[in-house]
Structure formats: structure tokens, C-alpha cells
Amino acid sequence: MKINKPRGTRDFLPEDTRKRRYIENKLRQTAKRWGYNEIKTPTFEHIELFTLKSGEGILGEIYNFKDKGDREIALRPELTAPVIRLYVSELQRAPRPIKLYYFDNCFRYERPQKGRFREFWQFGAEIIGSPRPEADAEVIALACRMLHEAGVDGDLHVGHLGIIRTLFKGLDTDTQGQIMRLVDKKDDKGLEDYLEEIDADIGMREKLFELIGLTGSNAADEAKRLLGDIEELETFRTLLELLDSHSLDYTINFGIARGLDYYTGMVFEIYSSGLGAQNQVCGGGSYRLAHLFGGKEVESTGFALGFDRVMEVCTTEPPADDRAVVVCFDETRKEGIRIADSLREHIIVDVDVMGRSFSAQLKFANTVRARWAVIVGEDEVAQGKVALKDMESGKQELLDPDELVKRLTA
RNA sequence: GCCCGGGUGGGGUAGGGGUUAUCCUAUAGGACUGUGGAUCCUUCGACUCGGGUUCGAUUCCCGACCCGGGCCCCA
């Protein structure tokens, strides 16, 4: 009986894995150099962690099950909530700011399509403990830097929920949420109908539509004309200046809502072409979640990037590794293995395990794109030497075994 | 969950109610017994699954599964 992999999951072949690792390492290095430290959280959590954060509505997309102790468990659908849970239980007293990054698989029960899988990987970073725009700017800059390192061109859109929310003062949370959802979807008609339905203030409606339509570099000024002198706008302008200091290109977009209630201020998304309907490679913003998990409230800002989507659009190829094939035969196997093992401290080495003939071993060296063949045959062993063959030039020379390493790593 | 389109060796394909199911590539071995990449030969290997129609289905019909595109959703 042939067993297939479950829907929406993938196998990664050696070539895929190599490329994924390469990009993963680029992202890791970048986060690390920006002073972020990696954390790991469990693959599964109590389901409340996610329902508390996102509401019962997400249950449909969660992989959940009861364990043998009758606990309701969920495979993590994202990593922000686990990170904040970890913060609340372990890091509330840690020196501020707390700068964390993670790279792990997540699970969502959704219809798979391009750039969307049931098991997928997220790379994210969070700054916990700073309410300032500097933290927002840094996180955005880090996200852009990471994408750049991965060889991905992104289109950065930045908004601020605090600004748009000043329009909704007096409306209850559900209504605000509904409006934000429609704004996020860019469903102008639906938004208009809904505002009509709740009999929203005419002035507010006009301002709302004007605000989410604002584009261009002076959108912040326009917003000021529209909304007056509000603190959120000042903060937002500071943020934009900081983004300039980071030399980032961005589009101001007050219509980004990220569909969520817990984002409080800055929100951003990064899009990339070539992904079809799932064109968003990164999303983030500032939020407050700690109180939900029993902690003292704290300002956080962070993002998650969709690693699989990054892989989909990135064209960066990992550099080829230098590798050597040690050619030996039954009579010289002992010497061959010894030499191979010593070379393995320095480069990638294959030794024949197929009992192949001389020419078949060289053919193999070709197929694995070895740069060198180290020939350990009876003639060489008899002289206490080995032959080193450069597979590209075809040139070959006789060497003492202890000279080998020097030649191969030169 | 909904709407399209699609599933033929490991990968890429041709075909089509009765075939020995085509070709390329990859694999293994050989021609070439200590010198690779080329060429040639041989070998291995497939009609996604389940029902239905039919004398006969890989081919037609239905369903499932999976893949792709979109909707929904996207914490």
C-alpha cells in the first residue's frame, strides 16, 4: 500500500533543503547581527492560547485534538502568541528591550494553493518593551533587510491603526472590528453599505474614505489636515523619519488593518510579485497581548515573514560546495577510508560504497560535481602516496598524504 | 467550505474503448579489466484510487484523493 503525504504538506528533496537552509541561515545571521536572540516554543500548545488571542472564529483553521489526558491541544497556527506566552512566564523581568527571533513550522487547516500550505514555516522577530517608534522602525528595517539578504524584492506598505481609530471614538469594539475588516479587504462598496447600516456619522464616513485613499509622500500631511493635531500622527511622522534614516522606500497606506483587533499602532505589510493571490511575504505591527495571558501589559512590535513564500520568489542560489571523491578498491579500502576520514575534517568527501570500478568511480565524481578525485590505488599506496586529480582541468599529481589537506583547502 | 482546470515510469512527455503504452531524461550495469564528462547497448520502471457503462476502460461517466488557479480566510 502506497501512503501519500497529507494534503498541504511537502517533502523537501536534498536540493530544496539545501536552498532552504541557505536562505534560512541568511535570515538567521541578519536577525542575529541586529541583536535578536533565537527562541523555540512547543509545536503544540493549549488551544486557549490561540482562541484568547484571535477569538473562537479561528477554530476552523486550527489543527486541534484532545490528548490522552483530555487536554484540548492545538498545533500552533502562528508564533506571536507563543512568544508572548513565553515572555509572560519567563521574561517579564529581563532587561529591556527584549529582542527575540524564531523560525519554526506552523499549521493551519486551510485550502492549499500557491504559497499556502497546511504546514508552513514562519520566520519572525519581536521587540518587547519599547512603546517608541524607534522600535517600530527597527523591526520594519530588519524585515526589509532580511528579505534583501534573501534576494527578495518587496513592496513595503506602512500604516498606523491608532490614526484610523481616532475616527471611531464612541463605536463599540465589534463595530470597529467589522469596519477594519472591510477596510483591510478594500471592499469600498461593502464598507459604504455597512456604514449606512450602522448609520455612521457623515463627517466620519467622508474622512474615513479620504484617509484610506491617501497615497504618496505627503500622505501624513494630508492626514493632519484631515484629522488635526493628534498624537498618533506625530508618532507616525517620527516613524517615517526613522524609516528614512534606515534608507527605506515605503508607501503610506492607512488602509492596512491586518484584520486583527490586538494591533494597536504601527502596522506594515510587504508584498512581492510572482506569488499569485498570496502576494504578502511579511506582515507585522505593534500590539498588546501580554494581559491576555496573565502578564503585565507591555508594548511589543514585531513581524512574521512567510518563509515558503520567500522561497517561492527568491532566486538566490547557494554556492556550490567543494567536494572530493576518494577513489579506492578492495585492496586499498583501508587506506582510502583513513584518508577520507581525515579529509572530512575540512571538506565534503565521498568514498565508494558500491564496489565500483575505477572509471565508474570517476563517473560518480562527475555526477556529484566533485572538484577533486583523490586516487588511492595499489600503485599509489605502494609508494606511500596518493594521486590528486583536478576534475575540471584533468591534471593529476602524486602527493604525500599529509600534503593533501593543504592542497584541498588552498 | 465553494468555483474552475488537471493527474501516464523517479522527473518530463506521446497516445488513446482491444496497443508489446511512445519518446527524452534520470537510475543500475556494460562496451572501456587503473582514469571521468561524449557516444552506443542492455537493464529497471507508469496509465492515482473506487464505483459505473461496456464483451472489454488507462481512455467514456460519477465519486474520492492529490496538485494547480481563484473565492473565502489569512492570527
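Residue numbering restarts at 1 for every chain, and letters A, B, ... go by the order of the sequence lines.
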Between CG of Asn279(A) and P of rC73(B) the distance, given in whole Å, is 15 Å
Could you check whether Asn366(A) gets within reach of a base, just the sugar-phosphate, or nothing at all, counting any heavy atom under 4.0 Å?
-> base
Taking only the side-chain heavy atoms of Glu61(A) (C-beta and beyond), determine which of rC73(B), rU27(B), rU35(B) contains the nearest atom.
-> rC73(B)
Between rC71(B), rC74(B), rG36(B), which nucleotide gets closest to the side-chain atoms of Arg111(A)?
-> rC71(B)
Glu24(A) and Arg21(A): salt bridge (charged side-chain N to carboxylate O under 4.0 Å, His left out), yes or no, with the steps?
-> CA-CA 5 Å; Glu24(A) 176 194 330; Arg21(A) 272 278 188 251; 3.0 Å; yes
Determine whether any donor atom in the side chain of Gln361(A) lies under 3.5 Å from an acceptor atom in the base of rU35(B), or the reverse, and answer yes or no.
-> no
Distance between P atoms of rG5(B) and rC60(B) (Å, rounded) = 14 Å
In whole angstrom, what separates Ile256(A)'s CD1 from rC74(B)'s P?
-> 15 Å
Assigned partner base of rG45(B), Watson-Crick or wobble definition, under 3.5 Å | none
Could you please name the option among rU35(B), rG29(B), rG70(B) that lies closest to any side-chain atom of Met354(A)?
-> rG29(B)
Please state the C1' separation for the pair rC44(B) and rG30(B) - nearest whole angstrom.
-> 15 Å
Now, which nucleotide makes the Watson-Crick or G-U wobble pair with rG17(B), with each of the two distances under 3.5 Å?
-> none
Would you indicate whether the side-chain heavy atoms of Arg371(A) and Arg323(A) approach each other to under 4.5 Å?
-> no
Give a yes or no on whether the ring-centroid distance for Phe107(A) and Phe120(A) is below 6.0 angstrom.
-> no
Round to a whole Å and report the spacing from CG of Asp187(A) to P of rC71(B).
-> 13 Å
Below 4.0 angstrom from OP1 or OP2 of rC66(B), is there any side-chain N or O of Arg7(A)?
-> yes
Using atom P of each nucleotide, how far apart are rU22(B) and rC61(B) to the nearest Å?
-> 25 Å
Which part of the nucleic acid, if any, lies within contact of Gly115(A), taking any heavy atom under 4.0 Å across all strands shown: a base, the sugar-phosphate backbone alone, or nothing?
-> nothing
How far does the P atom of rC49(B) sit from the matching atom of rG10(B), given to the nearest Å?
-> 12 Å
Any donor-acceptor N/O pair, Thr332(A) side chain to Gly377(A) backbone, under 3.5 Å | no
Would Glu119(A) and Tyr63(A) count as a side chain to side chain donor-acceptor pair (under 3.5 Å) if you check the C-alpha gap in whole Å, the side-chain angles of each, and the deciding distance to 0.1 Å?
-> CA-CA 10 Å; Glu119(A) 182 189 24; Tyr63(A) 272 96; over 6 Å; no
Check every strand shown and say whether Gly394(A) touches a base, only sugar-phosphate, or nothing at a heavy-atom separation below 4.0 Å.
-> base
Just how far, in rounded Å, is C1' of rC74(B) from CZ of Arg181(A)?
-> 12 Å
Tyr109(A) six-ring face occupied by Arg118(A) cation (under 6.0 Å, within 45°) | yes
For Arg356(A), report the nucleic acid contact type (base, sugar-phosphate, nothing); a contact means any heavy atom under 4.0 Å.
-> sugar-phosphate
Could you measure between the two C1' atoms, the one in rA14(B) and the one in rA46(B), and give it in whole Å?
-> 13 Å
Closest to side chain of Lys363(A), choosing from rG34(B), rC67(B), rG37(B) | rG37(B)
Length of the CG-C1' vector between Leu13(A) and rA26(B), whole Å = 13 Å
Does rG69(B) have OP1 or OP2 sitting under 4.0 Å from an N or O in the side chain of Lys114(A)?
-> yes
When only distance counts, do a donor and an acceptor, one from the side chain of Glu380(A) and one from the base of rG34(B), lie under 3.5 Å apart?
-> yes
Between rG12(B) and rC47(B), how far apart are the C1' atoms? Round to whole Å, please.
-> 16 Å
Glu110(A) CD - rG1(B) C1' separation (whole Å) = 12 Å
5'-most by nearest nucleotide on RNA chain B - Thr80(A) or Arg118(A) = Arg118(A)
Quick one: label Gln396(A) by what it contacts on the DNA or RNA (base, sugar-phosphate, nothing), any heavy atom closer than 4.0 Å.
-> base
Quote, to the nearest angstrom, the C1' distance that separates rA31(B) from rC67(B).
-> 43 Å
Result for 5'-nearest mapping on RNA chain B, choosing between Glu392(A) and Asp379(A), is Asp379(A)
Criterion ring pair (Phe, Tyr, Trp, His ring centres under 6.0 Å) against Phe123(A), the qualifying member of Phe307(A), Tyr101(A), Phe303(A) | Tyr101(A)
Is any side-chain heavy atom of Glu210(A) less than 4.5 Å from a side-chain heavy atom of Leu208(A)?
-> no
Is any side-chain N or O of Arg116(A) under 3.5 Å from a base N or O of rC73(B), one able to act as donor and the other as acceptor?
-> yes
Whole Å only: how far is the CD1 atom of Ile62(A) from the C1' atom of rC74(B)?
-> 13 Å
Gap in Å between the two C1' atoms, one belonging to rU13(B) and one to rU8(B), rounded | 9 Å
Just how far, in rounded Å, is C1' of rG70(B) from NZ of Lys185(A)?
-> 15 Å
